[in-house]
Amino acid sequence: MGEGRGGGRKVRTMPEYTSLEKIRLEKIEELRAEGIEPYPTRAERTHTSAQIIAEYEAAERQTGDGETPEVKATLAGRIRASRPMGKLTFAHIEDGEGKIQLFFRVNELGQDQLNFFNEMFDLGDFIQATGVMMRTRSGEATLLVHDFKLLAKSVTPLPAAKDETLEDGTVVRHAALEDQELRARQRYADLAVNPDVREIFRKRAALIKALRKFLDDQGFLEVETPILQPLYGGAAAKPFVTYHNELEQQMYLRISFELYLKRLLVGNLEKVYEIGRDFRNEGVSYKHNPEFTQLEFYWAYADYLQVMELTEQMVSFAAKEVTGGYKVTYQGQELDFTPPWRRLEMRQGILETSWINFAEYTDAESLFKAIVAKHPEKTPDPHATRGKLIDFLLSEFLEPTLIQPTFLYDYPRDISPLAKSKPGDPLTVERFEGYVSGFELCNAFTELNDPLDQEQRFLEMGRDYEADDEERHPLDEDYLRAMRYGMPPNGGFGMGVDRLAMVFTDKHSIRDVLLFPALRNELKEG
RNA sequence: GGCCCCGUAGCUCAACUGGCAGAGCAGGCGACUCUUAAUCGUCUGGUUCUCGGUUCGAAUCCGAGCGGGGUCACCA
């Protein structure tokens, strides 16, 4: 039961059971009265559904045609369908690997046991069944049940979902759970009735495993840095604020890993990475969740061009591990992750799509005028900095054209306070972002390692954000102290893992790739 | 946060310009020895998200709220 908003205004009350639930609760009472435990402690499964079918088919091949091999098994799973027909009942159970049919027959079980199954077992219950494998007249590998046992009674019926297998083998799901909110709030029910949802999260796990494997093989050290931080930094985002009672100090949930990982380079750890959760106290949308999974790595003695090469290798490797190939269909478009990816200087890309060469406008005012003159229908913020205006051009004109994996490189300095300037070009930093299907996938740069320059940038940022207190960033003195000991030149990288999971599972919304996305509290009574 | 759309049985959805809230699945009872969305008969199931208003009469119209979806803004 969720607590009501406003600090537990809602008191927990006894759940109100539906008529369907009451019937099942009565069965639980009845079972206990007969000395049958509806939630026994142990199960005795010998095979999964997939294992027994494989074993049975292998045995069939050995015995040759006509002969039925004797293959015994005890299976366990959740009852998903039951078709009683007089002195026979067919049922399907589902386990972690798939479904298998059970055949209950009066011949083996006797009338009492058959009745017991038909009367006391419901869809959604977990059952254990022991028997021998056989084929039905239609040829389906089926367990002929000699003995069975309840493993766990289901009180609340699962959302109705029936699968119809057409003659061509395609499966049509009828009346499946589709309500987006219910699916997200009750992911357990969603997972229980929608096998494709389970598949999404298997792919997500495969993705994270692939990223780890790739970086491990490249000699990167996986590390863990604080989630609970006395200061936040490394990105421009509003933090979640909390408080440590004993230490009597305000703490923040991290908004990025960057400043801690780069401290490790000062400590002579040359290649480090972290995969973990970031928290940003901002809007929720189809591509934003307040907590999301981030991958960052830092690589001493490398620059952003080397990071670029490593990135395309890493992401294409992950694509192959997760989807089986370098080409992935996302929202109807085929994306080709085969390296090398297209490289496009950001200034050039903006010139080609907006017909504005921002290098010709070295201050915000002149650039603003140029944009309005060329594109009267667009409305950039008149008070925006030059960097923000360039960002505006990027998202308005260039981004939508970046469907195939593309690296955009060389960014304005004033929107990149942690990146190193391009030699001989003080307005530009060595930074790139990877784009796919029109959205930003990753962000990387040659990291700034000059402590005095870094201090100057922090102070500039502080000034820029003075008006907007919430985005104004605290100056991290300890980070500057670390940098003053000496930080090797290095390239750094950050990527939203959920975004990549969306691409590899062809999902439009980040919520579809998060098991428990952030949702507003349920409040049943006002 | 702005704008648009949505909220009806456990699930998926109907209900015309306001006129007795329905169906399929799930569930109860009965029949059925190879079913697989099993089938057949029969029955049950509702605070139409909440509160208020208009009206002889509201699922439907109006207002407020709650929740969700979309979109824009925000997100170096």
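In what follows, chains carry the letters A, B, and so on, assigned in the order in which the sequence lines appear, proteins first and then strands, with residues in each chain numbered from 1.
Taking atom C1' on both B:G10 and B:U17, the two are 34 Å apart, rounded to the nearest angstrom. For the P atoms, the distance from B:C43 to B:A38 is 23 Å, rounded to whole Å. With both ends at atom P, the span from B:G53 to B:U60 equals 14 Å, rounded to whole Å. If you take atom C1' in B:G19 and the same atom in B:A26, they sit 32 Å apart, rounded to whole Å. Across the P atoms, B:A21 and B:U33 are found 43 Å apart, a figure rounded to whole Å. Across the P atoms, B:G18 and B:G57 are found 15 Å apart, a figure rounded to whole Å. Remark: the separation of the P atoms in B:A37 and B:A59 is 39 Å, to the nearest Å. Comparing the P positions of B:G41 and B:C4 gives an interatomic distance of 49 Å, to the nearest angstrom.
Closest to the A:H288 side chain, of the nucleotides B:U71, B:C74, B:A76, is B:C74. Of the candidates B:C75, B:A26, B:G68, B:A26 carries the atom nearest the A:L20 side chain, counting heavy atoms from C-beta on. Closest approach to the A:H508 side chain among B:C11, B:G10, B:U71 is made by B:U71 (side chain taken as heavy atoms from C-beta onward). Closest to the side chain of A:E181, out of B:C75, B:G67, B:A76, is B:G67. Nearest nucleotide to the A:Y286 side chain, out of B:C75, B:U71, B:A73: B:U71. Ranking B:A73, B:G68, B:A26 by closeness to the A:L123 side chain, first place goes to B:A26.
Applying the 4.0 Å criterion to OP1 and OP2 of B:A76, one finds that A:K238 has every side-chain N and O outside that range. For A:R83, no side-chain nitrogen or oxygen approaches OP1 or OP2 of B:U35 to under 4.0 Å. Not one side-chain nitrogen or oxygen of A:K22 sits closer than 4.0 Å to the OP1 or OP2 atom of B:G45.
Taking 4.0 Å as the cut-off between side-chain N and carboxylate O, A:R457 and A:D450 do not count as a salt-bridged pair.
When both pairing distances are held under 3.5 Å, B:A15 makes no Watson-Crick or G-U pair with any nucleotide shown. Base-pair partner of B:U44: not found among the strands shown (Watson-Crick or G-U wobble, both distances under 3.5 Å). When both pairing distances are held under 3.5 Å, B:U39 makes a Watson-Crick or G-U pair with B:A31. The partner of B:C61 is B:G53, judged by Watson-Crick or G-U wobble contacts that both fall below 3.5 Å. For B:A21, there is no paired base (Watson-Crick or G-U wobble, both distances below 3.5 Å).
Within 6.0 Å of atom CD in A:Q180, more than 12 heavy atoms from other residues, nucleotides or ligands are found, so the atom counts as buried in its surroundings.
Every residue was checked against the ring-ring contact (aromatic ring centres under 6.0 Å, His included) condition with A:Y361, not counting sequence neighbours, and none meets it. For A:F103, the ring-ring contact (aromatic ring centres under 6.0 Å, His included) partners at least two apart in sequence or on another chain are A:F90. Partners of A:R183 under the salt bridge (charged side-chain N to carboxylate O under 4.0 Å, His left out) rule, at least two apart in sequence or in another chain, are A:D190. By the ring-ring contact (aromatic ring centres under 6.0 Å, His included) test, A:F397 is found to be paired with A:H375, residues two or more places apart in sequence or in another chain being considered. A:H288 pairs by the ring-ring contact (aromatic ring centres under 6.0 Å, His included) definition with nothing, not counting sequence neighbours. Every side chain to side chain contact (heavy atoms under 4.5 Å, CB included) that A:D476 has, sequence neighbours left out, goes to A:L231, A:L259, A:R263, A:D478, A:Y479. For A:T362, the side chain to side chain contact (heavy atoms under 4.5 Å, CB included) test picks out A:L427, with sequence neighbours left out.
Among the heavy atoms of the strands lying under 4.0 Å from A:R431 are primed sugar atoms or P, OP1, OP2 only; no base atom is included. Among the atoms of the strands shown, none is found under 4.0 Å from any heavy atom of A:L158.
Judged by distance alone, with hydrogens and angles left aside, A:E140 brings no side-chain donor or acceptor close enough to the base of B:U35 to form a pair under 3.5 Å.
As rounded to whole Å, 14 Å separates atom P of B:C11 from atom CG of A:N194. Following rounding to the nearest Å, A:E396 (CD) and B:C75 (C1') show an atom-to-atom distance of 15 Å.
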Pull out every protein N or O sitting under 3.5 Å from an N or O of nucleotides 29-34 of chain B, one pair per line with the distance.
from  : atom 1 : to     : atom 2 : distance (Å)
B:C32 : N3     : A:G86  : N      : 3.1
B:C32 : N4     : A:G86  : N      : 3.4
B:U33 : OP2    : A:K87  : N      : 3.3
B:U33 : N3     : A:N107 : OD1    : 3.2
B:U33 : O4     : A:N107 : OD1    : 3.4
B:C34 : O2     : A:R137 : N      : 2.8

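Ring geometry for A:F117 versus A:F104: interplanar angle under 30°, hence parallel rather than tilted (30 to 60°).
Residue A:F407 is tested with A:F445, A:F493, A:F432 for a ring-ring contact (aromatic ring centres under 6.0 Å, His included); the sole match is A:F432.
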Quick tally for nucleotides 1-8 of chain B: nucleotides whose base has a protein heavy atom under 4.0 Å get B, sugar-phosphate-only ones S, the rest -, giving --------
